Structure formats: structure tokens, C-alpha cells
Amino acid sequence: MPLTKDLSLTAKHIAKLDYSQVVAYHPDCDIAIIQQNNAGKRVAPLGTVKSQGKIKTAGMGLTGDVLLGEGKYYLDVNFIDSDLFSRCPASITDAPVQSGMSGGGVYNENAELVGIISGISSSKFRLLDGRKLGNERTSVFVSTLYVKEWLIREVDNYNEEHSDNLTSTSFLSLTSSYKAEK
């Protein structure tokens, strides 16, 4: 998902298999920054979503077609038995995602990027105390709000290293789009 004119976000497990130039892997979360020419592409501002808020998912299916889904965001949890989410909160949604959509975007009602699709959990998902959320499906994404500080630091580092290539497009628009609440 385009982040700046030169950088995109994707799932870490995708970046490790892809031929993209990786700028940074998050140390705990399934998210990575890659170099990508985003000229002419819409760069969505980053945003937040509240519990029970409506969201949309967008990602590439296994056939290469863009797949879209709608649902709501429930909460963030840690999957204690997961390599991807034992130290990074998994944001839970009931918006449909399919294999191949990892690395795609999750958007709030204002078309702001709130996360990166990471995967699908069991339809029998329950909280540790045994409670069900009432969702028919469980899709998982990494919240951009959770990785905000890492994003800012890594994009700043990239911009410092590539300052001779910068245009008037700044990372300030990315960081100023966050709202104070989730």
C-alpha cells in the first residue's frame, strides 16, 4: 500500500518472498516498508478506527484481481500461539479476506489507511476467557496506529539517506493525519 511517493507498506511475510527492495522490517509485527514507485498512485492518509467501526479491506487475490471486503473492527488481541502476533497486537475484523490479500490495506470510513492485512484466523475464534465476539469470520490486520512510531522513525531514516531525491512531498502529511483516538 502506497505510503509516500517512494515507499509502500506490505506484510512482512510477503516482503520476505517478494523481489521488492525492503527498507525495514518491523521487529515484532507482520509489516514491512518497501521501496516502490508510487507516482500517480493515491497515497491514503493514515487514520484510526474505533471498536465496532466500519472498515474496508482491499488486496490482491491469488488470481491477481483486486478483492474488496467490508466489515467492522472489533478489538486488538495477542495470539499467544502465533509467531506473527505473540508480541504484536492483531487487529480483529470480520471483513472478508482471502489467501493472497496479505499486504493489502484496511481503511476506515474516511478512506484513511488503518492497517495492513496479515491473514485469517479460525472461524472458531474465542477470547482467552472463552467469550465469542459474535463474528462470522476472523480476519487479522496490523494496525498502523500500533506501529506509528516505527513508521515515522524508518521513513525519517530513509528520507535522510535519500535526501538528494526528495521532492516537495513530505512525510509530514503522513504523520499529521493521525487522530488522537483509536
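No experiment lies behind these values; they were computed from the predicted model shown. The basis for the numbers below is simple: all heavy atoms, side chains too, and nothing from hydrogens, waters or symmetry mates. Numbers here are sequence positions counted from 1.
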Participant: Can you tell if the side chain of L46 reaches within under 4.5 Å of the side chain of L151, non-hydrogen atoms only?
Facilitator: yes

Participant: At what distance, to the nearest 0.5 angstrom, does CD of E70 lie from CD of E109?
Facilitator: 10.0 Å

Participant: Would you confirm whether S51, through its side chain, and Y74, through its main-chain N or O, come within 3.5 Å as a donor-acceptor pair?
Facilitator: yes

Participant: Return the minimal non-hydrogen interatomic distance between I34 and A15, and the atom names on each side.
Facilitator: CG2-CB, 4.2 Å

Participant: Check step by step if side-chain contact (heavy atoms from CB on, under 4.5 Å) holds for V114 and L145.
Facilitator: CA-CA 7 Å; V114 299; L145 182 61; over 6 Å; no

Participant: Does anything in residues 34-77 pair up under disulfide bond (SG atoms under 2.5 Å apart), and if so which pairs, sequence neighbours excluded?
Facilitator: none

Participant: Between S91 and Y73, is there a side-chain heavy-atom distance shorter than 4.5 Å?
Facilitator: yes

Participant: Does anything in residues 37-63 pair up under ring-ring contact (aromatic ring centres under 6.0 Å, His included), and if so which pairs, sequence neighbours excluded?
Facilitator: none

Participant: Identify, with sequence neighbours excluded, every residue that meets side chain to side chain contact (heavy atoms under 4.5 Å, CB included) alongside M1.
Facilitator: Y107, L113, I116

Participant: Taking atom types as modelled, is there a side-chain donor on Y25 or D28 under 3.5 Å from an acceptor on the other?
Facilitator: no

Participant: To check you understand the geometry: which heavy-atom pair defines the closest contact between N38 and L3, and what is its length?
Facilitator: ND2-N, 4.1 Å

Participant: List for me each residue that meets ring-ring contact (aromatic ring centres under 6.0 Å, His included) alongside H26, sequence neighbours excluded, and say none if there are none.
Facilitator: W150

Participant: M60 and I14: same hydrophobic cluster, using ILVMFWY side-chain contacts below 4.5 Å?
Facilitator: no

Participant: Which pairs with one or both residues in residues 10-101 pass disulfide bond (SG atoms under 2.5 Å apart), sequence neighbours excluded?
Facilitator: C29-C88

Participant: Is any side-chain heavy atom of I92 closer than 4.5 Å to one of V77?
Facilitator: yes

Participant: In the single-linkage hydrophobic clustering (I, L, V, M, F, W, Y; side-chain heavy atoms under 4.5 Å), do L9 and V147 co-cluster?
Facilitator: yes

Participant: State, yes or no, whether a side-chain contact exists between T93 and F141 at a heavy-atom distance under 4.5 Å.
Facilitator: yes

Participant: At their closest point, which heavy atom of Y146 faces which heavy atom of R87, and how far apart are they?
Facilitator: OH-O, 3.9 Å

Participant: For the NZ atom of K148 and the OG1 atom of T48, what is their distance to the nearest 0.5 Å?
Facilitator: 10.0 Å

Participant: Does the pair N108 and K54 meet the rule for a side-chain contact (heavy atoms from CB on, under 4.5 Å), with working shown?
Facilitator: CA-CA 6 Å; N108 65 15; K54 293 180 182 179; over 6 Å; no

Participant: Mind listing the closest non-hydrogen atom pair of A44 and R42 along with its distance?
Facilitator: CB-NH1, 3.2 Å

Participant: Pairs under 3.5 angstrom only: tabulate donor-acceptor contacts from the side chains of residues 95-106 to other protein residues two or more places apart or in another chain.
Facilitator:
from	atom 1	to	atom 2	distance (Å)
S102	OG	H13	NE2	3.1
S102	OG	S118	O	3.1

Participant: Do D94 and T138 have side-chain atoms, one donor and one acceptor, less than 3.5 Å apart?
Facilitator: no

Participant: Could you measure the distance from the CD atom of Q35 to the OG atom of S20? Nearest 0.5 Å is fine.
Facilitator: 9.5 Å

Participant: L68 versus T57: any side-chain heavy-atom pair under 4.5 Å?
Facilitator: no

Participant: Under the side-chain contact (heavy atoms from CB on, under 4.5 Å) test against V142, which residue among D76, I117, D30 passes?
Facilitator: D30

Participant: Using side-chain heavy atoms (C-beta onward) and a distance below 4.5 Å, is E154 in contact with N157?
Facilitator: yes

Participant: So, taking the atom named CD1 in I31 and the one named OG1 in T144, what distance separates them when rounded to the nearest 0.5 Å?
Facilitator: 7.5 Å

Participant: Just checking, is any N or O donor in the side chain of D6 or T4 under 3.5 Å from an acceptor N or O on the other one?
Facilitator: no

Participant: Would a distance-only check, ignoring hydrogens and angles, find a side-chain to backbone donor-acceptor pair under 3.5 Å from N37 to A39?
Facilitator: yes

Participant: Measure the shortest side-chain to side-chain distance between Q21 and Q36 over non-hydrogen atoms and say whether it is less than 4.5 angstrom.
Facilitator: no

